[in-house]
Enquirer: 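I'd like to ask some things about the structure below.
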There are 2 protein chains.
Amino acid sequence: MILSANTRKEVHAVTERQLEIVLAVVYEFIRTGEPAGSRTISKKYMRGNSPATIRNEMADLEEMRYLYQAHTSSGRLPTSKAYRLYVDSIMQRRRSVPLEAEAWMHEIRNRREGIESLLTQVTQLLGKATNCIGVAALSALEEVTIQRVSFMRLGGDMVLLIVVLEGGLVHHTNIRLPGDLSQDVLDELARRISTVASGHPWSEVRRTLSAYIFEGLERIRDVCRSAVAEIDSQLNRKNTRLFVGGAQHILSLPDFQDVNKFQAVLSILEQEQPLADMVDRYSIADGVSVTIGDEISEQEMKDCSLLLMPSGLGRKAILGLIGPIRMDYERSITMLELLAEGLGDSFDR
Amino acid sequence: MILSANTRKEVHAVTERQLEIVLAVVYEFIRTGEPAGSRTISKKYMRGNSPATIRNEMADLEEMRYLYQAHTSSGRLPTSKAYRLYVDSIMQRRRSVPLEAEAWMHEIRNRREGIESLLTQVTQLLGKATNCIGVAALSALEEVTIQRVSFMRLGGDMVLLIVVLEGGLVHHTNIRLPGDLSQDVLDELARRISTVASGHPWSEVRRTLSAYIFEGLERIRDVCRSAVAEIDSQLNRKNTRLFVGGAQHILSLPDFQDVNKFQAVLSILEQEQPLADMVDRYSIADGVSVTIGDEISEQEMKDCSLLLMPSGLGRKAILGLIGPIRMDYERSITMLELLAEGLGDSFDR
DNA sequence: GTTAGCACTCAGGATCATAGAGTGCCAGCG
DNA sequence: CGCTGGCACTCTATGATCCTGAGTGCTAAC
């Protein structure tokens, strides 16, 4: 039994040497953009083994779907499976911090112009630093401390709802409150909600906002209820606010010389929903998540990798990168970690 | 004397027939994307004249810089000067309204979610409808009626300034107010400014906000002053808010198959300043302005044309299009006019 | 002033040959 | 039995060559 389990495992697992070859092929391909042949791998990375040996291993690795060939007589190219091994190996070992990093961090830390413009700037910085597209999202605003809520009459049933959150983050939308209320009533409503909510995240006070705080407003009980419901639905949705920047840089890369590839990505970026979903689906509670090529369910992203990392505002501000599968993961991951950390510092002051 | 003046004028002005040729070349090039030869022009647009005649005229038009050749034996291509004639001739004649227009308009008119998201949607619609990049800008907020001003304490000298303008347009930034004021003082300050400003554009009340309205606050006179100054500088700047959408569609056009061209445009769009400047510089008080290729001073835009038209919010919301020089001006201009009009309606309710 | 005719130019596509990178497989070696 | 050198084979990329067709400029005749 044990033996059979072992043998079965051997079929799927790669040997030490095979791993070495896979990593070398990925590394070489990321560096040069050209398929790597057995000769190259032998010469540059594995002097101990002849090209013929490498070739034999490569044939096996192709069968196991770690590598593939563009055509019969071309070198080997890595599949997502190979990239996965490569990224996992990077994540495990210690990475060096690029020298320019200090300058970037400085730029961020000395920002005072508000969360929105800071996030925009960070995405642009990320893009420039990595030749990828910088992304930022504010997720789960219900977990962020509320400072104040206010309503403003727009006419008819329409009311402008403004929620000011921790650190001066402003969220506003037009909502519908039945009954054409006067500004005075709206102010009173806002005052009461603010009193209870201020200093707490919405998720905490949501239940507290029951009937008793609206004492004396029984006449408009329905309005109070739908006001609370509206705030709820506003803060509840995931990744309400999205920021994208530095997209220009990706166009310098050879991988995106084909306009169609970029168009596919752009079509995702220009709609809110798919991007928000992706950020939500692939980000993890802590640390950098890397999703590679067809691991992303969106067809349009099949030529891209997505890196995400939760950052400031109690991990509710998520920072990310979208770049070619053949990106410099080492640098990208390090940069993302650094800037996410810097952003956290900047928020928490 | 008169005769010499006449002759000189003849050198610069084009004859009726020459104009006809220029317009035909532009039209043909916009339609097909290929240089137009004398034979084509003669056959399709000017049966009355032989190719040889057209050729002679073309040689003259080349000397006058209306046309040029890619190489000796290619057909003629229009220069900006030729496009200028073409666009001017379009602007003068009546244009037909595309059938799909009704659907677009409907989509806009039934929008309730606030000015920002409306503008974003309109830019995307514009982009899709014309295969150009849709652009929108809010200019001169000081001319827009104010609803309310409020300040919110962020800690230290930093204060969040929120100005709510006509129609629920929210403008906010972090500003610096000296002296770490309490929220109560800030509220009082906001209340006083709001009382005076509400219902008027800032440009109107700016002078009224002299010392007397801050009676009883002499102790913090400097704060009052810098608060007013901050609001002033916020609302004063041109094209504070920019919206870009539908950029993906431009990549379907043959003109933008070359990634570098798109990259140039994108580098402009990703910074606020240059785009804001362009909108400010090239928009006119009323109606559509068309700026073609190298008429735009930004080098990055040399392969593009820029269409702009003031729209709702008392002409302060400017709508625009960025597309290839070889765009369907007739359709683009009509679309822009339509959507700008529709947006105006939507705002003024 | 207009036009037909003609020689000339040039880009773009098709065809072909060649070089070079890389593979798979076999036979021999330790 | 695993590793390696050798060899025949495959396939792409590159460059040279040729050819066609579109289009021009010029000249001479109407």
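Each chain gets a letter, A, B and so on, in the order the sequences are listed, and its residues count up from 1.
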Enquirer: What is the distance, rounded to the nearest whole Å, between atom OH of B:Y68 and atom C1' of D:dT24?
Expert: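 Distance, rounded to whole Å: 17 Å.
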Enquirer: Starting at atom CD1 of B:I54, determine the distance to atom P of C:dG1, rounded to an integer number of angstrom.
Expert: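 Distance, rounded to whole Å: 16 Å.
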Enquirer: Treating primed atoms plus P, OP1 and OP2 as sugar-phosphate and everything else as base, which nucleotides of nucleotides 18-30 of chain C get B, S or - for protein heavy atoms under 4.0 Å?
Expert: ---BSBBB-----
Enquirer: Would you tabulate the side-chain donor-acceptor contacts of residues 34-42 of chain A under 3.5 Å, counting partners in other chains and residues two or more places apart, or write 'none'?
Expert:
unit_1	atom_1	unit_2	atom_2	d
A:S38	OG	A:R55	NH1	3.3
A:S42	OG	A:N49	O	2.7

Enquirer: Can you check the A:E16 CD to D:dG2 P distance for me, whole Å?
Expert: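 Result: 18 Å.
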Enquirer: Find out whether B:L308 and B:V279 are in side-chain contact, i.e. whether some heavy atom of one side chain is under 4.5 Å from a heavy atom of the other.
Expert: yes
Enquirer: Could you check whether atom CD of A:E100 has more than 12 heavy atoms from other residues, nucleotides or ligands sitting under 6.0 Å from it?
Expert: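 Counting other residues, nucleotides and ligands, CD of A:E100 exceeds 12 neighbours.
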Enquirer: More 5' along DNA chain C: B:T53 or B:H71, using each one's nearest nucleotide?
Expert: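 The residue whose closest nucleotide sits nearer the 5' end is B:T53.
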Enquirer: Return the value, rounded to whole Å, for the distance between atom CG of A:L77 and atom P of D:dT12.
Expert: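 Atom-to-atom, A:L77 to D:dT12, this comes out as 14 Å.
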Enquirer: For A:K43 and D:dT4, give me the distance from atom NZ to atom C1', rounded to whole Å.
Expert: 17 Å
Enquirer: Could you please spell out the steps behind the side chain to side chain contact (heavy atoms under 4.5 Å, CB included) verdict for B:M46 and B:I21?
Expert: CA-CA 8 Å; B:M46 304 177 69; B:I21 293 174; 3.5 Å; yes
Enquirer: Quick check with a 6.0 Å cut-off and a 45 degree axis cone: is B:R326 positioned over the face of B:F29's six-membered ring?
Expert: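 Ring-cation test returns yes.
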Enquirer: Without decimals, in angstroms, what is the distance between A:E57 CD and D:dC1 C1'?
Expert: 14 Å
Enquirer: Do A:S297 and A:R281 touch side chain to side chain, with heavy atoms closer than 4.5 Å?
Expert: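 Yes, side chains in contact.
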Enquirer: CG of B:L67 versus P of D:dT24: gap in Å, rounded?
Expert: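 The distance from CG of B:L67 to P of D:dT24 comes to 10 Å, rounded to the nearest Å.
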Enquirer: Starting at CD of B:E34 and ending at P of D:dA22, how long is that distance when rounded to a whole Å?
Expert: 12 Å
